[in-house]
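Just so we're on the same page: letters track the sequence lines, and every chain starts at 1. Below, each value reflects all heavy atoms present in this structure, side chains not excepted, and no hydrogens, waters or symmetry copies.
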Protein chains: 2
Amino acid sequence: MSDQARKRRPYAARVPMAERREQLMDAALRIIGRDGYDGVSIDAIAKEAGVTRPVVYGAFDGLGALLMSLLERQQQRALLQLFSALPQEPEDGDPATLVRQAGPLLHQMLLDDPVTWRAILQSATNAPEVVRERVESDREQVRVVVERLVAGALGKRTDAEVLSHAVLATLERFGQLVLDDPERFTAERLTGAVAALLRLAPGRVT
Amino acid sequence: MSDQARKRRPYAARVPMAERREQLMDAALRIIGRDGYDGVSIDAIAKEAGVTRPVVYGAFDGLGALLMSLLERQQQRALLQLFSALPQEPEDGDPATLVRQAGPLLHQMLLDDPVTWRAILQSATNAPEVVRERVESDREQVRVVVERLVAGALGKRTDAEVLSHAVLATLERFGQLVLDDPERFTAERLTGAVAALLRLAPGRVT
DNA sequence: TCCATTTACTACACAACTGTAGCATTCTGG
DNA sequence: CCAGAATGCTACAGTTGTGTAGTAAATGGA
């Protein structure tokens with residue numbers, strides 16, 4: 001007890017609120033990338049950012065709010081990229097062509113920001129409820145777009161809703177495969193496999 | 001403090017070990033069905049079963065072991081059903097026919113034991129690591145079977161590995177849709193949609 | 001330069017859960 | 001019917017995480 005100074009933690013640099021929030025979100029994202037959502041807690045984020053918990057509470061209204069802000073930030077860019085990789089207008093061309101066009105774009109999108117996409121694609125795995133709900137609602141947004149594309153590419157008489165679920169589930173799984181093993185699952189391989197399947201069906205249901 | 005007897009918990013009926021284990025696994029399954037994996041803990045299971053924690057520790061070596069035993073028990077039946085719903089031999093007939101045959105069988109399988117399948121299909125959502133790993137390894141087993149079926153139905157020149165991932169992802173999503181809203185997503189609808197997609201491709205890649 | 005304000009830190013109280021040691025009760029075989 | 005083995009219960013100690021009140025340090029304007 002003779003030297004109290006040794007026990008006292010050196011003050012972290014003071015930082016304006018906006019920057020502090022960014023810094024904490026970065027820390028959270030780093031943890032998610034490293035340990036998955038399991039490892040995320042106010043405590044862990046504070047440690048990762050090199051500050052104490054009250055600092056985090058000063059910047060966010062709890063873990064849920066922090067993660068929501070993080071998702072907001074990341075998804076903004078992510079969804080923009082995603083929608084720009086998909087043709088917005090339901091074109092009624094060959095579905096295999098659609099796959100060959102969009103596939104590599106989506107693939108590149110993943111590799112451009114793997115950390116973000118891992119956080120999104122793995123959000124089902126042990127993410128807090130708020131996060132799952134948010135990602136779920138974004139997923140639904142994307143699915144509606146996919147549904148229109150399916151309807152356009154395969155004809156209105158197909159069950160576009162059901163098929164959009166199938167397409168989205170497939171895309172998500174492919175995304176995980178790419179993130180887990182990019183060497184093994186290349187853009188060409190994945191798009192090629194699907195295109196081959198679809199090219200057996202060059203026509204449309206009319 | 002005058003009446004200690006009132007505070008003392010009445011002893012739960014004594015029960016042979018094997019039965020106790022069943023009872024605890026049933027309790028765990030009930031919780032998973034009701035609250036998802038979030039709600040599962042030694043404490044919650046003990047309460048649900050009407051006993052105290054040390055009883056649980058007497059029967060299992062912790063939460064992980066309990067859930068593994070539970071999964072063991074449920075998957076034994078589940079996988080058996082699943083494999084019997086899929087043709088074991090890679091038949092090289094029309095893929096749409098394969099879907100029309102296996103689809104309703106799989107659908108019925110879900111409805112026969114929705115609680116178990118929900119536990120399996122939602123295992124990614126907040127289940128402890130051991131459970132996820134176990135389900136993952138079972139998934140891989142199933143995928144290999146699916147891969148053989150795909151190779152058989154579409155010809156060896158297709159990328160059966162990639163497509164088996166797509167098929168499995170689709171099946172799992174369909175399973176969740178059925179469990180969440182059986183009225184809306186009937187066997188006919190789901191199999192019909194996929195069969196229609198495939199029927200555009202009556203031939204094989206040779 | 002100095003003090004008011006801002007910002008970070010320490011310390012505490014609380015909650016949920018784990019795992020175990022030791023006591024109480026019940027059941028069973030002699 | 002009565003030991004003593006088997007089984008359940010209570011109580012405690014430990015862990016990890018939350019959220020907050022009060023204190024200490026840094027910073028910028030008078």
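- Among residues at least two apart or in separate chains, side-chain hydrogen bond (donor to acceptor under 3.5 Å, both in side chains) pairs with a member in residues 75-84 of chain B are B:Gln75-B:Asp138.
- Here A:Glu188 pairs with nothing under the salt bridge (Lys or Arg N to Asp or Glu O under 4.0 Å) rule; sequence neighbours left out.
- A:Arg14 meets the salt bridge (Lys or Arg N to Asp or Glu O under 4.0 Å) test with no other residue; sequence neighbours excluded.
- When rounded to the nearest whole Å, the span between OH of A:Tyr57 and C1' of D:dG22 equals 17 Å.
- Taking the salt bridge (Lys or Arg N to Asp or Glu O under 4.0 Å) definition, one finds that B:Glu133 meets it with nothing, sequence neighbours left out.
- Atom P of nucleotide C:dT18 and atom CG of B:Leu67 are separated by 11 Å, given to the nearest angstrom.
- For A:Glu72, the side-chain hydrogen bond (donor to acceptor under 3.5 Å, both in side chains) test picks out A:Arg134, with sequence neighbours left out.
- In this model, the phosphate group of C:dA8 is approached by a side-chain N or O of A:Arg20 to a distance below 4.0 Å at OP1 or OP2.
- For B:Gln23, the side-chain hydrogen bond (donor to acceptor under 3.5 Å, both in side chains) partners at least two apart in sequence or on another chain are B:Arg20.
- Using a cutoff of 4.0 Å between basic side-chain nitrogens and carboxylate oxygens, A:Asp94 and A:Arg100 are not scored as salt-bridged.
- Between the side chain of A:Arg53 and the base of D:dG17 there is no donor-acceptor pair of N/O atoms closer than 3.5 Å.
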Would you tabulate the side-chain donor-acceptor contacts of residues 50-70 of chain A under 3.5 Å, counting partners in other chains and residues two or more places apart, or write 'none'?
| unit_1 | atom_1 | unit_2 | atom_2 | d |
| --- | --- | --- | --- | --- |
| A:Arg53 | NE | A:Asp43 | OD1 | 3.3 |
| A:Ser69 | OG | A:Ala65 | O | 3.2 |

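- Here B:Arg118 pairs with B:Gln122, B:Leu179, B:Asp180 under the side-chain contact (heavy atoms from CB on, under 4.5 Å) rule; sequence neighbours left out.
- For A:Leu63 and D:dG19, the CG to P distance is 8 Å, given to the nearest whole Å.
- Helix bend of the helix from C:dT1-D:dA30 to C:dG30-D:dC1: the angle between its two end axes, each built from five pairs, comes to 10° after rounding to 10°.
- Ion pairing between a basic and an acidic side chain is recognised when a charged N comes within 4.0 Å of a carboxylate O; A:Asp38 and B:Arg132 show such pairing.
- Within residues 33-49 of chain B, no residue approaches DNA chain D, by heavy-atom distance under 4.0 Å.
- When rounded to the nearest whole Å, the span between CG of B:Leu66 and C1' of C:dG19 equals 15 Å.
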- Query: What string of B, S and - do you get for nucleotides 22-29 of chain C 5' to 3' if you count protein non-hydrogen atoms under 4.0 Å?
  - Reply: --BBB---
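- Ranking D:dC9, D:dC12, C:dT10 by closeness to the A:Arg9 side chain, first place goes to C:dT10.
- Residues satisfying the salt bridge (Lys or Arg N to Asp or Glu O under 4.0 Å) criterion with A:Glu147, sequence neighbours excluded, are A:Arg143.
- C:dT7 atom C1' lies 16 Å from atom CZ of A:Arg21, rounded to whole Å.
- One atom, CG of A:Asp61, and another, P of D:dG19, lie 9 Å apart when rounded to the nearest Å.
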